[in-house]
Amino acid sequence: MLDTLTAKPVPGAVVLSWTGVVRYLHITPRAFLPMREMPELTLIAGKGIEGDRYMIGREEGFYSHKPEEGRQVTLFEYETLVALKRDHNIDLAPEEHRRNVTVSGVPLTHLVGRQFWLGETLLESTRLSIPCRHIEEITGKAIFDPLINRSGLNCKILQGGTVRVGDAVRNVQ
Amino acid sequence: MSAVPITKVRTIVDKIEDGGAGIKVFSLVDPDHWELPPFKPGAHIDLHLPGGLVRTYSLCNDPADDKRYVVAVKREVEGRGGSIVLHDEVKVGDTIGVMLPRGGLDLSTEVTRFTFVGGGIGVTPFLSAAAWLKRMGRSKFTLHMIARGEPPLADLLAPLRKSGHVVIHDTSSGQRPDIAALVGRPLSDVALACCGPDSMIDDFEQASRDWPADRVHIERFVPPPLPVDPDAKPYVLALAKSKREIVVAAGQTMLSALTDIGIDVPASCCGGICGSCKVDWLEGQPVHRDRVLSPAERERSLLVCVAGSAKDRLVLDL
Ligand code: FES
């Protein structure tokens, strides 16, 4: 089974593709503080997002006791918000999931270990995000269980720049 | 880099104002004046004071005023020391850690009229509720302020007095008002709330005994602790390698008990799914509650963020 997953694409075979879009951008300077919606974010290669809690060197996030190179920017699927409403009748707003970038049409779970373009910036995904029990304390909503395995993606920034709402998200071809 | 997860909201004392009658009003803000975690009208917060004291106070500002936590603190010489530290030691610019706000008044729209009874400094949760109700255009409420002499917190009360929402009951000239008369008979669209000294709350409880329980809110000066599982029991956690024993309080996680004594167990999800806080156990009977360990792994290990103990004592390989 695994062979088919790891096998190299056959030349001339169908290449699956996707293009997504940036729906919302959020940052917060410290753990527990509300996320603030932004029209654009400045991503700095190898470091993080200007003004965000997990910027390397700033370290004011909940997990700052364990700075993580692979968590310079975090993404979340808009489709998960829709699914939470549809399957669990939970209204979760984009500022409540506490990831930085809410995207539509991007298969985040397929991107672990891969590079992709977020607007003009180039990211490399390091691992899927894990939900954190404290999110229930912060939002007052029972979302820990429904977010298991779809709590977003942690990424490194390979090439910095400005990311704006409405920017395209594209595979590296 | 701190050794353990950040569990408090860091605030800075932005302003300290005189509230009269031995009261100081503290405004706490984020260092960058960012929005603070939201709160319900009349919610309370725990302040972590210098010297390790933790004290709970009601927030007195409108939840829409989202960049400040405002608390009014009376200096209580006979108290347990928190108010003295705040009055005598805390200065503008100091850092105070606070926990996320909790509790608050239920101001559901089924209720259209509110009667609030506040004794002295006990008026604070109602200042927050009143500001919120007024802003929401729900102006049918009365705040009975019972105080000796000129009421404290004049600045916070002023807009409410101006709009005719406050009835002042001055007890310096005589008796406390008849609480039963303020409360009246149960009405379907009215809710009651009281905060003040114990004797006033006793009178209020008596006066409101015929009211449906969900329409009566009582706030004591010392709010009840966080709700805990009624079946939860404390137990002793023995650490074999470091030869220490600690008590894990009812409802406390093993992780927080270990963190409290400075043992840094790596933790991430705090919900029993990532496995990063795995520790081996040696004796006792753990209650696992995680979702990742196999039955075989559970024979040896547990996840300290969610596991408990079925017996009085549990020994960990730490
Ligand atoms: S911290 Fe994730 S399992 Fe305990």
Side-chain angles (χ1 to χ4, degrees), chain A residues 26-38 49-71 74 93 95-98 126-152 154, chain B residues 1-12 28-40 43 45 63 66-67 69 95 97-104 226-227 253 255-256 259 262-277 289-292 303-306:
Chain A
H26 287 92
I27 51 167
T28 190
R30 264 173 284 287
F32 295 109
L33 298 189
M35 303 291 287
R36 195 184 277 176
E37 190 173 346
M38 308 293 281
I49 306 172
E50 237 174 54
D52 190 63
R53 62 209 189 281
Y54 286 119
M55 174 90 163
I56 307 281
R58 175 174 183 102
E59 285 148 12
E60 299 216 54
F62 180 72
Y63 297 120
S64 293
H65 57 301
K66 294 187 298 187
E68 187 180 319
E69 230 225 307
R71 191 183 40 210
T74 53
E95 68 273 18
E96 288 181 307
H97 57 62
R98 304 192 69 78
T126 53
R127 64 173 177 89
L128 289 179
S129 309
I130 299 167
C132 166
R133 189 51 92 184
H134 299 280
I135 195 168
E136 295 199 335
E137 212 185 319
I138 295 175
T139 60
K141 299 178 185 177
I143 48 176
F144 181 81
D145 282 7
L147 284 182
I148 293 175
N149 291 336
R150 50 177 177 186
S151 182
N154 291 8
Chain B
M1 198 198 319
S2 66
V4 291
I6 294 173
T7 53
K8 296 186 272 288
V9 178
R10 179 152 63 93
T11 66
I12 306 284
L28 310 177
V29 299
D30 172 71
D32 296 326
H33 292 264
W34 197 267
E35 295 82 10
L36 291 169
F39 61 95
K40 291 215 299 195
I45 52 168
D66 59 3
K67 292 192 180 142
Y69 288 149
T95 298
V98 308
M99 300 302 275
L100 290 179
R102 55 198 162 90
L226 287 168
T253 63
L255 175 62
S256 90
T259 306
I263 296 190
D264 183 19
V265 180
S268 180
C269 69
C270 299
I273 60 163
C274 74
S276 55
C277 65
R289 299 195 196 101
D290 65 85
R291 262 145 328 149
V292 287
L303 299 181
V304 296
C305 65
V306 287

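Numbers restart at 1 for each chain; the letters A, B, ... are given by sequence-line order, proteins then strands.
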Enquirer: Mind listing the closest non-hydrogen atom pair of A/Pro34 and B/Pro38 along with its distance?
Expert: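 It is CG-CD, 4.4 Å.
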Enquirer: My understanding is that only residues two or more places apart in sequence, or in another chain, count here; which of them pass side-chain contact (heavy atoms from CB on, under 4.5 Å) with B/Val98?
Expert: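 side-chain contact (heavy atoms from CB on, under 4.5 Å) list for B/Val98, sorted by chain: B/Val9, B/Thr11, B/Leu28, B/Ile45, B/Leu47, B/Tyr69, B/Ile96.
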Enquirer: How many angstroms lie between NZ in B/Lys8 and CZ in A/Phe32, if you round to the nearest 0.5 Å?
Expert: 9.5 Å
Enquirer: Checking A/Glu136 against chain B: side chain, backbone, both or neither under 4.5 Å from a heavy atom?
Expert: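 Neither part, no heavy atoms under 4.5 Å.
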Enquirer: Is it the backbone or the side chain of B/Leu100 that comes under 4.5 Å from a heavy atom of chain A, or both, or neither?
Expert: side chain
Enquirer: Need one label for A/Ile135: side chain, backbone, both or neither, based on atoms under 4.5 Å from any heavy atom in chain B.
Expert: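 Looking at A/Ile135, nothing touches chain B.
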Enquirer: Would a 4.5 Å heavy-atom cut-off, applied to side chains only, mark B/Val306 and A/Arg133 as touching?
Expert: no
Enquirer: Applying salt bridge (Lys or Arg N to Asp or Glu O under 4.0 Å), name anything that partners B/Asp32, two or more places apart in sequence or on another chain.
Expert: A/Arg30, A/Arg58
Enquirer: Quick check on B/Lys67 against chain A: is it the side chain, the backbone, both or neither that has a heavy atom closer than 4.5 Å?
Expert: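 Side chain of B/Lys67 only, per the 4.5 Å heavy-atom cut-off to chain A.
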Enquirer: Shortest non-hydrogen contact from A/Ile27 to B/Trp34?
Expert: O-CZ2, 3.2 Å
Enquirer: Say you draw a straight line from CD1 of B/Ile273 to CG of A/Asn149; how long is it, rounded to the nearest 0.5 Å?
Expert: 7.5 Å
Enquirer: How far apart are the closest heavy atoms of A/Ile130 and B/Cys274, and which atoms are they?
Expert: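 Reported closest heavy-atom pair: CD1-CB, 3.7 Å.
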Enquirer: Measuring heavy-atom distances to chain B, does A/Ser151 have an atom under 4.5 Å in its side chain, in its backbone, in both, or in neither?
Expert: neither
